[in-house]
Amino acid sequence: MNQDIQDHEFENLKEEPQKQFHSRDIEFLLDIPVELTVQLGKTKMLIKELLQLGQGSVVELEKLAGEPMEIMANSRLIARGEVVVVNEKFGVRLTDIISPSERLTQLK
């Protein structure tokens with residue numbers, strides 16, 4: 001079986017200059033809601049113990065006093081910080097931002 005093979009000419013593709021990063025390129029992301037949570041600490045207890053809680057009860061947490069709190073964005077750790085009071089409201093001062101490489105290891 002003999003087939004004729006023909007050469008084909010391809011058009012030269014023009015190289016487009018790389019787009020420079022502009023803030024307007026990410027504007028569509030700026031109005032996406034993100035749930036920010038500050039975790040003071042956590043503990044485990046039995047339902048029986050939970051039902052016995054009342055006003056004035058004290059729940060012991062796993063964290064020690066003075067340890068930094070965890071700041072979470074959509075349930076992912078992004079920073080650590082300490083409690084501050086601003087205009088009679090609680091706030092958090094960020095003391096440590098989690099690096100991008102650390103955040104990537106959380107995904108695995």
Side-chain angles (χ1 to χ4, degrees):
M1 197 172 188
N2 189 4
Q3 293 182 350
D4 292 332
I5 298 175
Q6 298 177 359
D7 288 336
H8 183 74
E9 287 188 31
F10 293 97
E11 293 179 33
N12 285 335
L13 299 175
K14 293 181 183 177
E15 287 188 26
E16 291 185 29
Q18 288 184 347
K19 289 185 179 180
Q20 298 230 351
F21 176 76
H22 296 288
S23 62
R24 63 181 161 79
D25 293 339
I26 63 168
E27 282 182 4
F28 69 97
L29 294 174
L30 298 179
D31 63 347
I32 295 174
V34 175
E35 183 177 305
L36 195 63
T37 306
V38 178
Q39 188 173 29
L40 179 62
K42 55 186 170 182
T43 191
K44 290 183 181 181
M45 60 177 32
L46 300 173
I47 292 176
K48 175 176 69 174
E49 297 168 328
L50 182 65
L51 293 172
Q52 293 173 350
L53 293 178
Q55 189 171 356
S57 295
V58 176
V59 177
E60 187 176 339
L61 303 174
E62 293 174 353
K63 284 195 177 223
L64 299 174
E67 278 190 72
M69 288 175 282
E70 296 174 335
I71 295 96
M72 319 281 269
N74 291 341
S75 301
R76 300 278 185 217
L77 180 65
I78 60 162
R80 290 185 181 85
E82 59 190 20
V83 175
V84 294
V85 178
V86 181
N87 297 329
E88 298 184 20
K89 294 185 179 181
F90 286 112
V92 179
R93 176 182 298 125
L94 301 182
T95 57
D96 181 32
I97 304 291
I98 304 303
S99 71
S101 61
E102 286 178 288
R103 281 186 257 155
L104 284 175
T105 58
Q106 292 177 29
L107 298 174
K108 296 177 183 177

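For reference, positions follow the sequence shown, starting with 1.
- Taking each heavy atom of A73 and V34 in turn, the nearest pair found is CB-CG1, 3.8 Å.
- Proximity of I78 to L36: side-chain heavy atoms (C-beta onward) are separated by under 4.5 Å at one or more points.
- Under a hydrophobic clustering in which Ile, Leu, Val, Met, Phe, Trp and Tyr are joined whenever their side-chain heavy atoms come within less than 4.5 Å, directly or via other members, V59 and L50 fall into the same cluster.
- Applying the salt bridge (charged side-chain N to carboxylate O under 4.0 Å, His left out) test to every pair with at least one member in residues 44-63, sequence neighbours left out, gives no pairs at all.
- To the nearest 0.5 angstrom, Q39 atom CD is 10.5 Å from I71 atom CD1.
- The number of heavy atoms from other shown groups lying within 6.0 Å of CG (D31) is above 12.
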Cut-off 3.5 Å, no hydrogens considered: what does the side-chain donor-acceptor table look like for residues 89-102, sequence neighbours left out?
{"unit_1": "R93", "atom_1": "NH1", "unit_2": "E82", "atom_2": "OE2", "d": "2.7"}
{"unit_1": "T95", "atom_1": "OG1", "unit_2": "R80", "atom_2": "O", "d": "3.2"}
{"unit_1": "D96", "atom_1": "OD2", "unit_2": "R80", "atom_2": "NH1", "d": "3.4"}
{"unit_1": "S99", "atom_1": "OG", "unit_2": "S101", "atom_2": "OG", "d": "3.1"}
{"unit_1": "S99", "atom_1": "OG", "unit_2": "E102", "atom_2": "N", "d": "3.2"}
{"unit_1": "S99", "atom_1": "OG", "unit_2": "E102", "atom_2": "OE1", "d": "3.2"}
{"unit_1": "E102", "atom_1": "OE1", "unit_2": "S99", "atom_2": "N", "d": "3.2"}

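- Using a 4.5 Å cut-off between side-chain heavy atoms of Ile, Leu, Val, Met, Phe, Trp and Tyr, V86 falls into a hydrophobic cluster with V84.
- For L29, the CG atom sits in a packed shell: over 12 heavy atoms of surrounding residues, nucleotides or ligands are nearer than 6.0 Å.
- Atom CG of L61 sits about 11.0 Å away from atom NZ of K42, to the nearest 0.5 Å.
- Within the model, atoms CG of L77 and CZ of R103 stand 9.0 Å from one another, a figure rounded to the nearest 0.5 Å.
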